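In each ligand, atom 1 is the first atom listed, and ligand 1 is the first ligand listed. These figures come from a predicted structure and were not determined experimentally.
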Amino acid sequence: MIDLAAPASRRSFARLLGATAAYAALAPLAGRAQYPAAPAAASAVKPHDGDTGIRLSANENPYGPPPAALAALAGLATGVAACRYPDGDDDALVAALAAAHGVGAEAIALGAGSSQILHAAANAFCDAQAPAVVARPTFEALGHYAARRGAPLVELPLTADFHHDLDAMAAACGARGLLYLCNPNNPTATLTPVEAIRRLAERLPTGVTLLVDEAYHGYAEGEAGYESVVPWIARFPNLVVARTFSKIYGMAGLRCGYALGAPERIAALRDQLPWDSSNVAALVAARAALGGTAHLELSRARNREVRAATAEALAAAGARVLPSAANFLMADLGADVAPVIAGLRTQGVRVGRRFPALPHHLRVTIGTAEEMQAFRAAFASLRTAAAA
Ligand SMILES: Cc1ncc(COP(=O)(O)O)c(C=O)c1O
């Protein structure tokens with residue numbers, strides 16, 4: 001029995017979940033998938049040791065890394081690479097990324113995940129006189145690192161339609177510092193249209209680094225209004241873009257991310273990165289992953305289909321689902337989500353944490369069709385418990 005503490009929450013949750021019987025009767029999501037049988041790497045990834053249950057909490061790719069990356073990892077296990085420092089593989093990945101993005105090697109810095117890039121950027125571009133300007137809510141790491149560095153942290157609410165308030169953010173910048181723009185935004189999954197970013201970039205002082213976090217680029221590609229700003233790095237000397245292999249590349253556990261930007265900013269960022277922080281397994285897997293697009297396309301297509309069905313089911317249950325351009329979505333349940341998160345957890349389904357700025361919104365990562373079916377069942381059983 002779920003303890004929905006406050007009577008008001010209990011009532012609204014019951015009302016919400018009881019809004020339609022169609023919710024429980026929707027066709028199983030699994031039945032909707034039209035894709036060919038997945039390759040071995042693309043079947044649902046088993047939870048790793050000690051982590052049981054269904055993990056819809058960290059915006060990972062449930063289909064795992066591309067087969068080429070797995071083959072590269074398997075090759076490593078029998079090789080001698082582990083006893084050598086990774087400098088050659090580091091250079092090789094930088095060269096591959098430079099070729100893929102059409103930039104020089106000096107425009108790229110590697111990190112152990114893009115978290116390390118965000119950490120280095122906060123240290124490189126923020127200080128007591130150089131604030132970090134971020135949205136609220138957004139991915140918290142950059143703001144956290146900037147505050148730890150002693151920089152003022154300016155958090156500006158999203159607009160009423162859950163977009164970055166770029167005017168307010170630009171106005172909050174001084175001559176120096178960093179403006180962090182997460183696109184699509186985590187946790188709302190909403191997009192900032194490319195034109196709006198261009199106007200922002202044109203008016204920001206060059207002393208302010210515009211850090212665009214494109215962690216979910218692979219999922220946003222093809223969504224109306226979305227475009228990567230990587231092609232602009234030659235045009236805006238203060239633009240830095242963060243990317244990661246943790247999301248659509250399915251390699252979150254390996255830890256590999258990178259930054260792209262003008263050589264001067266990248267050099268400043270590199271100064272804040274530890275030496276040899278990339279591990280050889282991540283480097284070879286990432287390089288192999290860059291060699292093909294089939295797995296990414298499959299992951300993107302499946303994500304879209306399962307996401308649409310999940311959104312439909314949540315909407316049928318009375319939730320207001322924000323439009324998503326990523327591999328997660330946010331649904332307004334009309335009441336505090338803390339008991340829902342806890343209730344799902346007792347049934348072995350982990351969803352995103354509660355975001356204090358949006359306490360009624362539940363963030364759910366899009367897993368496989370089967371995982372989302374389990375989510376729906378657990379969600380429906382909360383309704384039953386709440387109504388009892
Ligand atoms: C927007 C965003 N940026 C960066 C990261 C960090 O990812 P990683 O360090 O695995 O590259 C995440 C992780 O969830 C994220 O959502």
Side-chain angles (χ1 to χ4, degrees), residues 45 48 55-62 64-65 69 93 97 108-123 132 134-146 155 158 162-164 178-192 197 210-221 223 226 228-230 240-260 269 272-274 277-279 281-283 285-286 289-290 303 322 324-330 350-353 355 357-358 361 363-367:
V45 173
H48 51 277
R55 196 171 143 102
L56 309 176
S57 52
N59 302 343
E60 299 146 341
N61 183 346
L93 179 58
L97 286 168
I108 293 174
L110 295 181
S114 60
S115 298
Q116 196 174 55
I117 297 295
L118 303 185
H119 184 245
N123 286 336
V134 305
R136 190 179 68 234
T138 192
F139 186 60
E140 301 93 339
L142 188 283
H144 168 75
Y145 295 137
E155 295 179 281
L158 298 175
F162 304 97
H163 289 98
H164 282 68
L178 185 151
L179 191 158
Y180 174 69
L181 175 53
C182 187
N183 194 34
N185 189 40
N186 181 9
T188 51
T190 42
L191 280 182
T192 303
I197 308 179
L210 173 57
L211 175 57
V212 182
D213 186 339
E214 295 187 345
Y216 299 97
H217 164 77
Y219 289 107
E221 263 189 307
E223 299 283 347
Y226 175 79
S228 168
V229 295
V230 168
V240 173
V241 184
R243 289 276 188 95
T244 182
F245 284 92
S246 296
K247 302 301 178 185
I248 202 163
Y249 283 101
M251 293 168 36
L254 287 172
R255 312 307 299 136
C256 191
Y258 58 103
L260 298 125
L269 199 138
Q272 300 298 330
L273 287 166
S277 67
S278 305
N279 75 78
L283 293 168
L290 285 177
N303 177 65
L322 306 192
S324 168
N327 64 333
F328 55 96
L329 53 74
M330 234 190 180
R350 281 206 222 174
V351 294
R353 59 196 174 278
F355 292 87
L358 293 176
H361 286 74
R363 194 195 71 186
V364 184
T365 301
I366 304 303

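Contact record, A285 with L254: CB-CD1, 3.8 Å, taken as the closest heavy-atom pair. The minimum heavy-atom distance linking A69 with M251 is given by the pair CB-SD, 4.3 Å.
Residue contacts with ligand 1 for S246 involve side-chain atoms from C-beta outward but no N, CA, C or O (heavy atoms, distance under 4.0 Å). Under 4.0 Å from ligand 1, the heavy atoms of Y216 that appear belong solely to its side chain. Heavy atoms from both the backbone and the side chain of S115 come within less than 4.0 Å of ligand 1. By the criterion of a heavy-atom distance under 4.0 Å, the side chain of K247, and not its backbone, is placed next to ligand 1.
In this structure, OG1 in T138 is found 7.0 Å from CG in N186, a value given to the nearest 0.5 Å. Rounding to the nearest 0.5 Å places CD1 of I117 at 7.0 Å from CG of L110.
A perpendicular orientation is assigned to the rings of H119 and Y145, their planes being inclined by more than 60° (bins at 30° and 60°).
Annotation: N186 places an N or O atom under 3.5 Å from an N or O atom of ligand 1; distance criterion only.
Heavy-atom proximity to S114, at under 4.0 Å, picks out these atoms of ligand 1: 4 (C), 5 (C), 6 (C), 7 (O), 8 (P), 9 (O), 11 (O). Residue R255 approaches ligand 1 through these ligand atoms, each under 4.0 Å from one of its heavy atoms: 8 (P), 9 (O), 10 (O). Atoms of ligand 1 found under 4.0 Å from any heavy atom of C182, numbered from 1 in the order shown, are 1 (C). Less than 4.0 angstrom separates some heavy atom of A215 from each of these atoms of ligand 1: 1 (C), 2 (C), 3 (N). Set against the non-hydrogen atoms of G113, the atoms of ligand 1 under 4.0 Å away are 9 (O), 11 (O).
Side-chain contact between T188 and F355: absent, with no pair of heavy atoms (C-beta onward) separated by less than 4.5 Å.
Within the structure, the closest approach of A252 to ligand 1 does not fall below 4.0 Å when heavy atoms are considered.
Y180 has its ring centre no less than 6.0 Å from the ring centre of F139.
Looking at T190 and N185, their side chains never bring a donor and an acceptor atom within 3.5 Å of each other.
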Margin query: Applying side chain to side chain contact (heavy atoms under 4.5 Å, CB included) to Y258 and L93, what does each step give before you reach the verdict?
Written below: CA-CA 10 Å; Y258 58 103; L93 179 58; over 6 Å; no

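Protein heavy atom at the shortest distance from atom 3 (N) of ligand 1 is D213 OD2, 2.6 Å. At the shortest separation from atom 12 (C) of ligand 1 among protein heavy atoms lies F139 CZ, 3.4 Å.
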